[in-house]
Protein chains: 2
Amino acid sequence: MGEVLEITRPKTRAKKRLAVKLEDLPLGQILPGDCIEAMRSLPDASVDAVFADPPYNLQLGGDLNRPDGSHVDAVTDHWDQFDSFAIYDQFTRDWLTEARRVLKPDGSLWVIGSYHNIFRVGAILQDLGFWILNDIVWRKSNPMPNFRGTRFTNAHETLIWASQGEKAKYHFNYRAMKTLNDELQMRSDWVIPICAGQERLKQDDGHKAHPTQKPEALLYRVLLATTEAGDVVLDPFFGTGTTGAVAKRLGRHWIGCEREKAYRDVAMKRIDKELPLDESALKTMQSRKSAPRVAFGALVEAGFLKPGTELFDKKRRWCATVRADGSISCGKQSGSIHGVGKDLQEAPSCNGWTFWHLEHEGKIEPLDTLRQLYLLAVED
Amino acid sequence: MGEVLEITRPKTRAKKRLAVKLEDLPLGQILPGDCIEAMRSLPDASVDAVFADPPYNLQLGGDLNRPDGSHVDAVTDHWDQFDSFAIYDQFTRDWLTEARRVLKPDGSLWVIGSYHNIFRVGAILQDLGFWILNDIVWRKSNPMPNFRGTRFTNAHETLIWASQGEKAKYHFNYRAMKTLNDELQMRSDWVIPICAGQERLKQDDGHKAHPTQKPEALLYRVLLATTEAGDVVLDPFFGTGTTGAVAKRLGRHWIGCEREKAYRDVAMKRIDKELPLDESALKTMQSRKSAPRVAFGALVEAGFLKPGTELFDKKRRWCATVRADGSISCGKQSGSIHGVGKDLQEAPSCNGWTFWHLEHEGKIEPLDTLRQLYLLAVED
DNA sequence: GGTATATCTGAATCACTTA
DNA sequence: ATAAGTGATTCAGATATAC
């Protein structure tokens, strides 16, 4: 089924009690029929993330032609037709309710939409108890112009990222995102081209296989940001399987739901061809949080720092001495590198690793540099 | 009151029947008290646009410090506190209902918000019958980082632009927007810096006068895009009066509502200092729709084009001859520049102005160039 | 006086572990 | 459950200060 069954979740995230076994899930399968029914077949709290690209309820009017006379192939498929907002809302509430049941307590929900539907989806998911963490703007580098000159070029779509609730835990690979964005924090607006060219799946007659195929780059960022290798990702509106293809590539398990057989066939063929990246390529920058926490004392213990070494702040306003137990002292103050730094500055908090420096061959270096060296040394 | 009473709406937009007289409106005034009550004092269908920056219902938790220990001055004002989504929704429904009543049938509604509230606002305004024309993303060039490294940097806010209904007319200054965007269609994502520096209004103690003052560039684009000089703009959450200041500068009338006296005082002082642009600066690029339509025949009549001149398409597949009455002929086909172009290409439509070209000093130029010259010549 | 450098701040639903 | 203690974390732009 094109799945990477060897991959398991890191032990740090394993829930021993009531944990759903991976073998009991239809991993690497596209469940046929209505997605709400299909999701009912899955156990509670069994997937780590849901990515959903539901019908947008576009409600388009007449035909549209380009200035050169060619015809615009719009989304007029039957699955995008709803008779009223009330019916669309009920449909939305139903699939979101099932998604919420199936999602683990620390799982992430992602939904993508346009102004036609995203406000309704967002309000309903809030009503159900989901807690919005960010709204993300997918800025299309190559959107279709507004041929009639009647509005602004519709150049973006909106994604909502939500956790199970206000107090719920969730996973965010901060370091991986920052690395991906050239060492600046990843922002809430992402520039990504629309899905076209080789990536766009075609039918035998050369016509596009699906009217709203999403770019793989979009799913790549979503899955890298909020899931780990070995996680299970569910897509209730699988379409031609972009979520499955990227999940497989990134070593995530996947489950899809899709009503239309034609889409299921295209998706399965596509995903079978996909090759998973090997394990070393999958390793992402570790966030400080999930990295082993280093106690300052461990550096002293390991001989990276001798007791008696003098520490300074950057401007040499204060000087402290390292003691054998990993505490430091500065005049009458003593305690952890964080606590002493905080008290001296009379600040509400202080990161001792970046506040304190030591002199090494005439240069002043923050303690953090030493911590990095220590981490490298103990990694293996 | 700092208003430009000389300015009136162009006659093309005047509604003779049931029209509200400008003298009967509190132009250039900030109505005190609750905005819903204040709007009740205005007649039906009396304003051309509503711009609303309602409370975002942020629901913030504890304190936040920057990595350097400094404190982040968050929005904790009483006017942003709501006990539940239900109460916020009711408040939203109430002010939107009044705004809808006061807005003319061909008026524009603008609302700005963040992910905390915008989905609720969007769904409710759709429920009330407003028709969303675009959602606009204000991309902040200098957003506040996510200091905890727990989410994506919240780098944008969302605006919704809506008309009174699916079939309602509305006004969009397409040409002005395209000109503003360097001859490319204006997109739905706008890059604008946050309001800081000189533009940010300060109290006597140097502290910011309002926690959420919007940049004037944002209002400038909104008003230029969807209102005309002489129009009336209503802002139910006036704050420190960015809407009023920009409206006055652009020769639009304005009405504000604001509960807090401190904000009203700051706003009035600010707007009094604002100078309106003079009339010639206010002239924007005319849209094709509101520009006098040029009949091809008028160019012939005026001697811009001699009967007998040969026209070509860009690739010189076809050649047509201009006739004295402004029709053209090409083989057996004859008729208007649009109709002949359409039939030759077997296309559903054809813009003859851009399809047909003529040779001038060895260069091939579209007819449209000639039309522009003609328009310039007849302007005075 | 001009150029570096330092400081300040902005609509933010902003932690986790152990006692 | 709640409270307390420890630990982790920032980008662009405007203004102020130093050289």
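Quick note on labels: first sequence line is chain A, next is B, and so on, each numbered from 1.
- At a threshold of 4.0 angstrom between heavy atoms, the contacts of B:P215 with the nucleic acid are absent.
- The backbone N or O of B:I112 sits nowhere less than 3.5 Å from a side-chain atom of B:E157 that would complete a donor-acceptor pair.
- No engagement by B:S114 is indicated, since no non-hydrogen atom pair under 4.0 Å with the nucleic acid exists.
- Nucleic acid contact for B:D80: base, since at least one base atom lies under 4.0 Å from a heavy atom of the residue.
- B:K214 contributes a side-chain N or O that forms a donor-acceptor pair with the base of C:dA11 under 3.5 Å.
- Rounding to the nearest 0.5 angstrom, the gap separating the CG atom in B:L234 from the OG1 atom in B:T243 is 9.5 Å.
- In this structure, CG in A:L370 is found 15.5 Å from CH2 in A:W356, a value given to the nearest 0.5 Å.
- The residue B:Q213 sits apart from the nucleic acid: no heavy atom pair falls under 4.0 Å.
- Within 4.0 Å of B:S141, counting heavy atoms only, lie sugar-phosphate atoms of the nucleic acid but no base atom.
- Residues from residues 129-138 of chain A that place a heavy atom under 4.0 Å from any atom of DNA chain C, listed by number: A:W131, A:I132.
- The nucleotide whose nearest atom lies closest to any side-chain atom of B:A74 is, among C:dC14, C:dA12, D:dC11, C:dA12.
- Looking at heavy-atom distances under 4.0 Å, B:P193 makes no contact with the nucleic acid at all.
- Across all strands, B:N146 comes closer than 4.0 Å to base atoms (heavy-atom distances).
- At distances below 3.5 Å, not a single donor-acceptor pair connects side-chain atoms of A:T158 with backbone N or O atoms of A:G113.
- No contact: B:A196 has no heavy atom under 4.0 Å from any strand.
- Using modelled atom types, one finds a donor on one side chain and an acceptor on the other under 3.5 Å when comparing B:Q90 with B:D94.
- The two residues A:L358 and A:E310 have their closest heavy-atom pair at CB-O, 4.1 Å.
- For B:E157, taking side-chain heavy atoms from C-beta onward, the closest of the listed nucleotides C:dT9, C:dA11, C:dA12 is C:dA11.
- Remark: A:W353 is in phosphate contact with D:dA8, judged by side-chain N or O atoms under 4.0 Å from OP1 or OP2.
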Quiz item: Once each nucleotide of nucleotides 2-8 of chain C is scored for protein heavy atoms under 4.0 Å, what B/S/- sequence comes out, 5' to 3'?
Solution: ----SS-
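- The aromatic rings of B:H210 and B:Y263 sit tilted relative to each other, their planes meeting at an angle between 30° and 60°.
- Look at B:K208 and you'll find a side-chain N or O under 4.0 angstrom from OP1 or OP2 of C:dG10.
- Electrostatic pairing of B:K261 and B:D265 counts as a salt bridge here, judged by a charged N lying under 4.0 Å from a carboxylate O.
- One C1' atom belongs to D:dT10, the other to C:dC8, and the distance between them is 13 Å to the nearest Å.
- Along DNA chain D, the nucleotide nearest B:N142 and the nucleotide nearest A:H338 are compared for position; the residue whose nucleotide lies closer to the 5' end is A:H338.
- Atom pair B:H156:NE2 and D:dC11:P shows a separation of 19 Å (rounding to whole Å applied).
- Note on A:N181: nothing from the nucleic acid sits closer than 4.0 angstrom, heavy atoms only.
- Ring pair B:Y88/B:F82 is perpendicular by interplanar angle, where above 60° counts as perpendicular and below 30° as parallel.
- Dashed line: the shortest gap from a side-chain N or O of A:K178 to OP1 or OP2 of D:dT10 is under 4.0 Å.
- Side-chain contact between B:L96 and B:F130 is present, with at least one heavy-atom pair separated by less than 4.5 Å.
- Using the six-membered ring where Trp is involved, A:F119 and B:F119 have ring planes that are tilted, between 30° and 60° apart.
- Comparing B:F147 and A:L184, the nucleotide of DNA chain D nearest to each residue sits closer to the 5' end for B:F147.
- Note on A:Q185: only backbone sugar-phosphate atoms sit closer than 4.0 angstrom, heavy atoms only; bases stay farther off.
- Aromatic ring orientation, A:F152 versus B:W161: perpendicular (interplanar angle above 60°, classes split at 30° and 60°).
- Side-chain atoms of B:R200 stay outside donor-acceptor range of the base of D:dG13, with no qualifying N/O pair under 3.5 Å.
- Listed by first residue number, the stems of DNA chain D with at least three Watson-Crick or G-U pairs below 3.5 Å are C:2-10 with D:11-19, C:15-19 with D:2-6.
- With A:D231 contributing its side chain and A:E228 its backbone, the two residues share a donor-acceptor pair below 3.5 Å.
- For the OP1/OP2 pair of C:dA15 and a distance below 4.0 Å, the side-chain nitrogens and oxygens of A:Y170 include no atom meeting the criterion.
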